[in-house]
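Only heavy atoms go into these numbers, but all of them, side chains included; no hydrogens, no water, no symmetry mates.
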Amino acid sequence: MTNKNNISTFSDQPTLSERQQQALKCAIQEGLPIDARPYLVLANIIGGNEQQVINCIEEWINNGLIKRFGLVIKHHKLGYNANAMVVWNVPDQQVDEIGERIKQSGLVTLCYRRPRRLPEWNYNLFCMIHGKDRNQVLDQLNQLKDACQLSDIKHDILFSYKQFKQCGGRFHKQHSEPHATQWDPNKKAINHG
């Protein structure tokens with residue numbers, strides 16, 4: 001298909017072969033290349049072109065294979081060494097509203113709901129607070145309680161003691177196909193989640 005100026009449109013791009021798609025899955029599971037044109041870098045790795053890569057990833061997003069692209073931040077390298085999960089026991093009829101308030105506060109990095117695991121675990125709302133030290137995290141928690149009117153909600157704060165590796169979803173184990181072995185995640189990768 002061409003537009004009225006006889007310029008090829010994106011839909012004119014042939015789709016990637018099955019082998020190229022598998023190589024692309026392997027490449028993106030290590031993170032997007034840190035480059036002004038990351039999809040071009042991926043295209044060069046798998047033997048396709050930039051628009052084919054974009055189209056393929058867009059199709060995977062539309063089909064639900066990829067739910068989202070995100071950024072994994074290495075908190076410790078940025079000096080954020082005190083990290084705490086705050087868990088809340090919120091009445092079920094209020095959990096969506098309170099979760100939205102917490103999210104809108106700008107004081108947490110993430111907030112999500114999980115089912116209670118009774119009788120041992122009564123908490124159903126979780127949020128993460130990062131700080132450079134424990135006092136900063138506790139100050140932020142107090143600000144959060146004031147800003148979101150949470151003082152009467154039972155909660156607990158769980159500081160992390162160990163940093164585990166963070167990485168995005170995995171489609172495949174790395175294999176020895178030529179395209180996959182060209183990928184060096186240590187040189188040009190940023191994780192996605």
Side-chain angles (χ1 to χ4, degrees), residues 25 27-39 42 54 56-171 185-186 188-193:
K25 286 177 185 174
I28 64 173
Q29 74 184 5
E30 299 303 325
L32 291 179
I34 299 175
D35 192 276
R37 296 179 70 180
Y39 304 110
L42 292 170
I54 291 170
C56 187
I57 291 174
E58 204 169 72
E59 184 180 327
W60 290 341
I61 291 170
N62 291 336
N63 292 338
L65 180 64
I66 295 175
K67 300 237 184 281
R68 67 181 180 94
F69 276 94
L71 190 65
V72 175
I73 297 172
K74 308 292 184 190
H75 303 99
H76 287 253
K77 288 183 178 177
L78 296 172
Y80 289 84
N81 297 312
N83 306 297
M85 176 70 74
V86 183
V87 293
W88 307 86
N89 183 4
V90 178
D92 289 335
Q93 65 275 17
Q94 293 179 290
V95 70
D96 290 338
E97 177 213 334
I98 290 175
E100 190 64 32
R101 275 193 265 157
I102 290 172
K103 183 181 102 179
Q104 296 296 328
S105 73
L107 295 166
V108 303
T109 53
L110 61 111
C111 181
Y112 56 92
R113 182 182 189 177
R114 288 281 187 265
R116 292 181 173 87
R117 301 293 181 204
L118 298 173
E120 292 85 14
W121 188 257
N122 294 316
Y123 303 106
N124 61 343
L125 191 64
F126 302 72
C127 65
M128 196 76 196
I129 299 176
H130 298 280
K132 293 190 175 182
D133 59 51
R134 281 178 164 250
N135 288 334
Q136 185 182 26
V137 170
L138 294 172
D139 286 345
Q140 286 179 259
L141 176 57
N142 287 331
Q143 290 175 38
L144 181 68
K145 290 193 300 190
D146 289 343
C148 297
Q149 303 165 354
L150 303 172
S151 296
D152 294 335
I153 305 287
K154 184 178 180 203
H155 67 279
D156 206 345
I157 183 165
L158 311 168
F159 280 96
S160 59
Y161 292 97
K162 185 173 182 177
Q163 181 182 18
F164 294 95
K165 181 181 178 186
Q166 294 177 294
C167 62
R170 299 281 179 214
F171 297 103
N186 296 320
K188 290 185 159 189
I190 185 165
N191 287 328
H192 57 89

Indicate every side-chain donor-acceptor pair of residues 108-123 with a distance under 3.5 Å to a residue at least two apart or in another chain.
unit_1, atom_1, unit_2, atom_2, d
T109, OG1, M128, O, 3.4
T109, OG1, H130, NE2, 3.2
R116, NE, N89, OD1, 3.3
R116, NE, N122, O, 2.9
R116, NH1, D92, OD1, 2.6
R116, NH1, D92, OD2, 3.4
R116, NH2, N89, OD1, 2.8
R116, NH2, V90, O, 2.7
W121, NE1, Y123, O, 3.4

Working for side-chain contact (heavy atoms from CB on, under 4.5 Å), residues E97 and R101: CA-CA 6 Å; E97 177 213 334; R101 275 193 265 157; 2.8 Å; yes
Closest non-hydrogen atom pair between D146 and S151, with its separation: OD1-OG, 4.4 Å
Atom pair SG/CG of C56 and L42 - distance to nearest 0.5 Å: 10.5 Å
K145 atom NZ, neighbour heavy-atom count above 12 within 6.0 Å: yes
Value rounded to 0.5 Å, distance of CG in L32 from CD1 in I57: 6.5 Å
side-chain contact (heavy atoms from CB on, under 4.5 Å) assessment of L125 paired with I153: CA-CA 11 Å; L125 191 64; I153 305 287; over 6 Å; no
OH/Y80: more than 12 non-hydrogen atoms of other groups inside 6.0 Å: no
Side-chain donor/acceptor of N63 to backbone N/O of L65, under 3.5 Å: no
For the student: nearest non-hydrogen atoms of A82 and V137, plus distance: O-CG2, 3.3 Å
Distance (rounded to the nearest 0.5 Å) between C127 SG and L144 CG: 5.5 Å
Test log, rule side-chain contact (heavy atoms from CB on, under 4.5 Å), inputs N83 and H76: CA-CA 9 Å; N83 306 297; H76 287 253; 3.5 Å; yes
Euclidean distance, Y39 OH relative to I28 CD1, rounded to 0.5 Å: 8.5 Å
Heavy-atom side-chain proximity of Q136 to Q140 below 4.5 angstrom: yes
Euclidean distance, R134 CZ relative to I157 CD1, rounded to 0.5 Å: 8.0 Å
Nearest heavy-atom neighbours spanning I129 and L107: CG1-O, 4.0 Å
